[in-house]
Amino acid sequence: MIRDQLKHKQRIVIKIGSSSLIHAETGLLNFPKIEILAREVADIHNQGKDVVIVSSGAIAVGRAAMGIDKLHSLKQKQACAAIGQVRLMMIYQKFFSEYGLNTAQVLLTKQTMLDSESRDNARNTFEELFQLGVIPIVNENDTVETYDIRFGDNDRLSAIVTALIHADLLILLSDIRGLYTDDPKQNPDARFISYVDRIDEDLLSMAKSTTGSSVGTGGMSTKLSAAEIATAAGAEMIIALAEDFRILHRILGGEECGTLFKAHPHEFYLMDYLEKM
Ligand code: GLU
């Protein structure tokens with residue numbers, strides 16, 4: 001049973017979407033949720049596993065802190081990311097320290113991932129952080145990115161991190177329960193898909209019709225691109241609901257939650273994917 005084997009995963013990347021960290025009404029941080037996330041991740045770490053969090057939310061948190069209703073320019077977005085990123089990290093560090101753990105901020109750019117020396121440095125940094133027992137918290141370095149050269153969404157960024165550090169499981173947590181045959185918000189007949197052996201053309205065209213939430217950037221099609229990258233790099237991937245972060249233990253306990261994509265490792269060149277993005 002493939003679900004059962006999830007218990008044995010040793011290196012896990014967990015991606016959290018913006019909408020899962022904030023209150024929808026105000027855009028301000030949801031502290032009890034983040035506290036539960038920290039407790040869950042701390043416990044997974046205490047089981048001897050390496051865990052990375054890829055956290056969105058910098059722009060949304062910065063925007064709410066400044067009371068900005070709508071962002072009108074790139075520089076405004078980038079300023080909000082700069083403001084929000086520290087707030088996010090302060091809160092993560094606060095909650096993780098309650099469980100005796102340290103966090104580390106890792107901000108990545110597409111440009112640095114394309115450069116082999118920077119990529120090696122990033123990989124070495126992750127390895128050192130794992131050695132030190134620290135929880136790396138990753139985001140895109142939004143303040144220096146341009147429209148042309150950026151990841152743009154943390155779904156694919158988390159898959160690239162998975163490939164970079166040879167993780168064996170990627171968990172995408174957001175406001176979507178998993179993959180459906182159609183957009184469940186529009187079509188009541190949409191069926192839930194709990195297991196994907198291979199990502200084929202049918203699946204990719206199905207994903208085009210589904211939408212994401214209003215705060216993050218990733219819809220179902222960026223999640224499928226993430227699945228293509230992660231499964232090719234040899235990791236299983238799960239899309240699941242972030243409503244209650246205790247789902248992490250249920251997933252790792254082998255329970256049937258969310259959609260599981262089976263790994264199909266093949267010769268994989270991270271560069272090829274990055275250049276196509
Ligand atoms: N990097 C963006 C942020 O932290 C989020 C990107 C995404 O939601 O995928 O605000």
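When a ligand or atom number is given, it counts from 1 through the structure's own listing order. Note that these values count all heavy atoms, side chains included, but never hydrogens, waters or copies made by symmetry.
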Shortest non-hydrogen contact from Cys80 toward Ile59: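 Residues Cys80 and Ile59, closest heavy atoms: CB-O, 3.9 Å.
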Non-hydrogen atoms of Gly57 and Leu88 that approach each other most closely: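 Heavy-atom minimum between the residues: C-CD1, 3.8 Å.
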Test item, Gly57 contacting ligand 1 (heavy atom, 4.0 angstrom):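 Distance cut 4.0 Å: Gly57 passes for ligand 1.
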Result block: side-chain N/O donor-acceptor pairs under 3.5 angstrom for residues 238-253, not counting sequence neighbours:
from   : atom 1 : to     : atom 2 : distance (Å)
Asp244 : OD1    : Arg246 : N      : 2.9
Asp244 : OD1    : Arg246 : NE     : 3.2
Asp244 : OD2    : Arg246 : NE     : 3.3
Asp244 : OD2    : Arg246 : NH2    : 2.9
His249 : ND1    : Glu40  : OE1    : 2.5
His249 : ND1    : Glu40  : OE2    : 3.4
His249 : NE2    : Asp43  : OD2    : 2.7
Arg250 : NE     : Glu255 : OE1    : 2.9

Proximity to ligand 1 by part of Asp155, non-hydrogen separation under 4.0 Å: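 No part of Asp155 is near ligand 1 at this cut-off.
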Min side-chain heavy-atom separation Val54-Ile16 under 4.5 Å: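 Side chain of Val54 against side chain of Ile16, heavy atoms only: no contact under 4.5 Å found.
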Side-chain touch Asp142/Lys77, heavy atoms, less than 4.5 angstrom: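 Counting from C-beta outward, Asp142 and Lys77 never come under 4.5 Å.
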May I ask you to list the atoms of ligand 1 that are less than 4.0 angstrom from any heavy atom of [X]?
X: Ser56; result: 4 (O), 5 (C), 7 (C), 8 (O), 9 (O)
X: Asp142; result: 1 (N), 2 (C), 3 (C), 4 (O)
X: Asp153; result: 9 (O)

Would [X] count as a polar contact of ligand 1, with the cut-off being nitrogen or oxygen pairs under 3.5 Å?
X: Glu140; value: no
X: Ile59; value: yes
X: Asn139; value: yes

Distance-only donor-acceptor hits, side chain of residues 127-138, under 3.5 Å, sequence neighbours excluded:
from   : atom 1 : to    : atom 2 : distance (Å)
Glu127 : OE1    : Arg11 : NH2    : 3.1
Glu127 : OE2    : Arg11 : NH1    : 2.7

